[in-house]
Amino acid sequence: MTSLAKQNFASVVEDAVNQQINLEMIAAHTYLAIAAYMGADAVALPGFEKYFREQAQEEREHAQILMDYQNRRGGRVIIQTIPAPTSEWQSAKNAVESALQLEKDVNKSLLRIESLAEEHHDANFANILRSQFLKEQVHSIAEIAKLVTQLNRVGGDGLGLYLLDQTLLKEGVSAVVGN
Ligand SMILES: [Fe+2]
């Protein structure tokens, strides 16, 4: 199938879009796993469960935006295998720390794709990456980093953790970390 729309869209950039779609889906899967961990009876943190379920949804939306973009540019969407995420964490704090690392990995990948787009003079894609994806990624990293700090503050267990989780559940993440 040949695209009529394709213009100034390098095949390495097209491949990178598919890789990023896969990475966003890996993030979605990982957040579903973290949400399930938080909801287990031995963990019982409904605020964190809700937060990570919402994060999973956001990651799916990122993948969807990139799929739509790939089609708009005349590229071909290739859905790849999503490996099973870890489902073993030592603690809620440990799970949130792994989410922070994941967001940093996603950011690294987006930065790599942005320079690839620039290298191929793909102004449209570079602009979308900068104005939407990289901007949001910096926000997510800061948000999750603050969640880790709050978890460190409350000592990762006991009444402090209960109160932190309840605030997350009832008032949302901005009540815990600001904007
Ligand atoms: Fe994302």
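In what follows, residues are counted from 1 in the order of the sequence shown. Both counts, for ligands and for their atoms, begin at 1 and track the order of listing.
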Glu24, N/O/S atom nearest the Fe ion (ligand 1): OE1
With carbon and hydrogen excluded and only N/O/S kept, which atom of His62 is nearest the Fe ion (ligand 1)? ND1
May I ask you to check whether over 12 heavy atoms, not counting those of Lys146, lie within 6.0 Å of atom NZ? yes
Surrounding CZ of Arg76 (heavy atoms of other residues, nucleotides or ligands, distance under 6.0 Å), is the total greater than 12? no
For a quick check under 3.5 Å, do Asn107 and Glu103 share a side-chain donor-acceptor pair by atom type? no
Can you tell me which N/O/S atom of Glu59 has the shortest distance to the Fe ion (ligand 1)? OE1
Check whether more than 12 heavy atoms from other residues, nucleotides or ligands sit under 6.0 Å from atom NZ of Lys108, and answer yes or no. no
